[in-house]
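Beneath this line is the structure, given in structure tokens, with notes to follow.
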2 protein chains.
Amino acid sequence: MFSSTYNCVFENKISILLNDLFIFVLMTKKYTIKDIAEMAGVSKGTVDRVLHNRGKVSDSAKEKITKILEEINFKPNPIAKNLKNNKIYRICILFPESHKDSYWVPCLDAITEFEENYQSLGVKTEQYRYNSSSPQSFKETALSLISTEPDAILMAPLFFNEAQAVSKLCHDKNIIISTFNNIIRKEGFSNYIGQDLFQSGRIAAKLLDTLLGQGHIAIIHVDEIVQNATHMQQKERGFKSYFEDKNSSSYKISTINLDKNLNFENEESLEAYFNNHEDINGVFVTTSKTYKIAEFKKTYQKNLKIVGYDLVDKNITLLKEGYIDFLINQNPKQQAFVGLSTLAEHLLFDKDIPKSILLPIDIINSENFQQYLE
Amino acid sequence: MFSSTYNCVFENKISILLNDLFIFVLMTKKYTIKDIAEMAGVSKGTVDRVLHNRGKVSDSAKEKITKILEEINFKPNPIAKNLKNNKIYRICILFPESHKDSYWVPCLDAITEFEENYQSLGVKTEQYRYNSSSPQSFKETALSLISTEPDAILMAPLFFNEAQAVSKLCHDKNIIISTFNNIIRKEGFSNYIGQDLFQSGRIAAKLLDTLLGQGHIAIIHVDEIVQNATHMQQKERGFKSYFEDKNSSSYKISTINLDKNLNFENEESLEAYFNNHEDINGVFVTTSKTYKIAEFKKTYQKNLKIVGYDLVDKNITLLKEGYIDFLINQNPKQQAFVGLSTLAEHLLFDKDIPKSILLPIDIINSENFQQYLE
DNA sequence: TTCGAAAATGTGCTCGAACACACAAAAAAA
DNA sequence: TTTTTTTGTGTGTTCGAGCACATTTTCGAA
């Protein structure tokens with residue numbers, strides 16, 4: 001049975017099994033500070049001082065210890081490191097209320113899941129919610145939050161200017177702050193966890209291109225106030241860039257801004273608009289309000305391909321019924337969870353927080369939405 | 001600034017900020033076994049016996065302690081728990097060699113990433129590779145691996161019967177074993193980390209349906225040996241089930257088995273076949289060999305929509321060029337990483353291993369593949 | 001009542017890193 | 001030379017859970 005020869009790649013060394021004999025060079029030692037102290041012929045206190053650059057070590061000892069540390073690539077046990085530190089960390093998470101926009105509901109699951117994993121490690125979360133249509137509400141809630149002096153903050157900022165001020169304030173007060181879902185500014189004080197919104201627009205464009213081949217596409221922004229515009233503008237720019245790169249004249253692209261009743265600023269109805277533009281065969285809805293356009297399509301039996309955003313209930317229903325062709329999943333749950341975890345691991349284990357964490361942009365149809373709901 | 005009223009939902013209690021006064025009911029205590037012992041008026045030893053059901057505790061004490069544990073929802077600090085256990089765990093990962101099929105390359109990244117996260121916690125991995133076209137190689141490598149008596153095994157088994165035997169052997173030897181990428185059997189000894197292959201076929205069907213509207217679709221299995229068939233059969237069944245559910249006569253569906261030179265068993269060429277079936281307008285390729293069909297399409301300038309599997313280099317190139325319409329990402333990296341993590345967390349923290357972990361099935365087009373490559 | 005065994009409970013050490021503190025040796029000041 | 005300061009080094013305790021072992025209590029049998 002074992003008479004042939006196998007190779008087993010193992011820790012960059014090759015062990016060879018030959019006629020029942022397994023030549024196995026195995027380093028199972030788990031080095032500790034004490035081990036290193038013994039190897040260097042000093043006490044663990046001295047090793048510790050070298051590790052933390054606390055000084056008060058002779059050059060000869062320092063050199064000897066450093067050499068050993070490098071040789072075995074020593075990394076202190078993060079578990080023991082953390083044990084001594086019995087502080088409770090507070091992470092505050094600031095995001096819009098859900099009753100206006102169910103998009104935010106999955107964040108609650110993320111928080112629950114996070115708490116289950118991290119509460120026994122001494123990390124707590126606190127939720128602060130603000131009114132998604134009031135910059136004032138965002139600002140005030142943020143300030144009240146900051147006044148409690150948490151260890152870290154994770155926020156979904158809809159309002160650019162206010163968010164930037166909050167971010168700056170936290171920076172000055174030495175409170176760690178991360179942003180999710182909406183990016184503030186690349187060179188700002190806060191890092192970003194979420195998706196590449198520009199690319200997200202390009203994906204929508206590719207999908208509609210695949211679906212249509214040619215025609216007239218309407219980019220529709222539904223019921224969004226001016227302050228939230230950056231978000232949608234990035235998607236729109238991405239969308240258009242796809243067709244610019246394609247350099248073809250097969251498509252006409254129009255941009256439409258609608259209020260929550262699907263009316264234009266000048267009170268013109270969407271119905272009237274579509275009657276005047278019968279050539280429109282595709283729609284890109286830039287927010288989770290995609291279902292509003294899909295309901296319109298259903299009611300008036302329009303021949304439209306629709307690509308929009310997010311796995312909110314109404315969208316899923318219409319996706320299953322075939323009134324929405326594709327959804328792009330912004331995955332607020334994953335964003336919140338990754339955001340919280342990144343902060344927690346930084347607080348607990350000193351892991352560094354990357355300038356930005358870009359999560360995958362999921363394409364959803366009626367057959368694969370289930371997996372993303374968990 | 002703070003004159004208005006805010007609400008802060010906090011640990012299911014509502015704190016109210018009113019005129020600069022923040023009423024804050026905050027539980028910052030991190031309970032330890034010692035705390036619980038004090039509360040119950042016993043020693044920590046007794047609490048420990050209750051926690052681990054080690055017996056030798058009076059009913060009265062047990063009741064009192066249990067009540068407190070439930071009240072504060074006590075969870076022992078996993079960090080301290082692990083500290084005492086200074087064992088080094090060995091997880092062996094068994095999967096095919098990459099030189100025949102680059103599909104497996106991302107698994108190496110998963111292993112690297114895993115090692116970075118878990119080596120300081122005392123978990124090591126060892127790689128064992130087998131020849132993807134030799135059941136004998138799989139069996140022998142598995143046996144040699146088992147003879148080293150690792151703490152856990154993660155394997156990607158291409159061969160149903162052999163895998164089942166290996167799984168059984170591990171079960172008898174009390175070695176924890178997990179399966180990824182290919183499911184063995186639902187009621188077997190091993191759990192499964194991967195995708196729902198049946199559903200994956202349905203997604204492909206929906207995509208082709210979206211792309212075509214009607215026509216003749218060929219399901220193509222390329223260069224796969226009989227033993228690996230379950231994998232593809234599940235996809236094929238899912239694919240067909242979509243159209244059965246749709247209950248429409250818009251499509252004709254054929255199944256084709258090809259060798260690695262894209263020839264039929266009877267040596268008929270694919271080119272000849274397509275000439276005899278000019279109505280074929282869509283293709284579903286059930287493996288990562290999708291590029292072979294796409295190259296065929298490119299060479300003979302066929303008017304075909306192609307949906308296939310996996311982000312291997314050749315597929316990505318043809319996806320970008322437009323010769324492949326959609327890819328379904330089986331995400332071997334994520335599968336391997338989740339598999340390793342699940343095993344490690346079980347070994348380290350006693351977390352339980354679910355019977356199956358179904359990962360999302362990603363739809364990929366030319367605009368969103370980048371995010372999934374990381 | 002006394003002894004002995006069994007049952008119940010308490011004590012104390014361990015893990016690895018961190019850090020305060022004690023102590024030594026060498027250097028500087030008296 | 002003696003005293004003080006500086007610099008280097010070692011020791012011992014802490015964190016929380018787990019577990020071996022020590023100690024106490026209980027209760028039945030002699």
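Here is the naming used below: chain letters follow the sequence lines, and residue numbers restart at 1 for every chain.
- The ring-ring contact (aromatic ring centres under 6.0 Å, His included) check on A/Y118 picks up A/F114, with sequence neighbours excluded.
- For A/T112, the side chain to side chain contact (heavy atoms under 4.5 Å, CB included) criterion is met by A/E116, not counting sequence neighbours.
- A close approach under 4.0 Å does not occur between any side-chain nitrogen or oxygen of A/T46 and OP1 or OP2 of D/dG8.
- Using cut-offs of 30° and 60° on the angle between ring planes, the pair A/W104 and A/F95 is tilted.
- The C1' atoms of five pairs define one axis at each end of the helix from C/dT1-D/dA30 to C/dA30-D/dT1, and these two axes lie 70° apart (to 10°).
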Identify all side-chain donor-acceptor contacts of residues 57-69 of chain B below 3.5 Å with residues at least two apart in sequence or on another chain.
{"unit_1": "B/S58", "atom_1": "OG", "unit_2": "B/S60", "atom_2": "OG", "d": "3.3"}
{"unit_1": "B/S58", "atom_1": "OG", "unit_2": "B/A61", "atom_2": "N", "d": "3.3"}
{"unit_1": "B/K64", "atom_1": "NZ", "unit_2": "B/A40", "atom_2": "O", "d": "3.4"}
{"unit_1": "B/T66", "atom_1": "OG1", "unit_2": "B/K62", "atom_2": "O", "d": "2.5"}

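- Chain A approaches DNA chain C within less than 4.0 angstrom (heavy atoms of the protein), and the contacting nucleotides run 5' to 3' from C/dG16 to C/dC19.
- Heavy-atom nearest nucleotides on DNA chain D were determined for A/D59 and for B/G45, and the one closer to the 5' end corresponds to A/D59.
- Here D/dT25 presents its C1' atom at 14 Å from NZ of B/K56, a figure rounded to the nearest Å.
- Residues A/I177 and A/V166 meet the side-chain proximity criterion, which asks for heavy atoms closer than 4.5 Å.
- Distance CZ (A/R49) to C1' (D/dG10): 8 Å, rounded to an integer number of Å.
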Just the atom pairs and distances: protein N or O near nucleotides 15-17 of chain D's N or O, under 3.5 Å.
{"unit_1": "D/dG16", "atom_1": "N2", "unit_2": "B/A80", "atom_2": "O", "d": "3.4"}
{"unit_1": "D/dA17", "atom_1": "OP1", "unit_2": "B/N77", "atom_2": "N", "d": "3.0"}
{"unit_1": "D/dA17", "atom_1": "OP2", "unit_2": "B/I33", "atom_2": "N", "d": "2.7"}

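- Annotation: side chain of A/K124 is in contact with side chain of A/I88 (closest heavy-atom distance under 4.5 Å).
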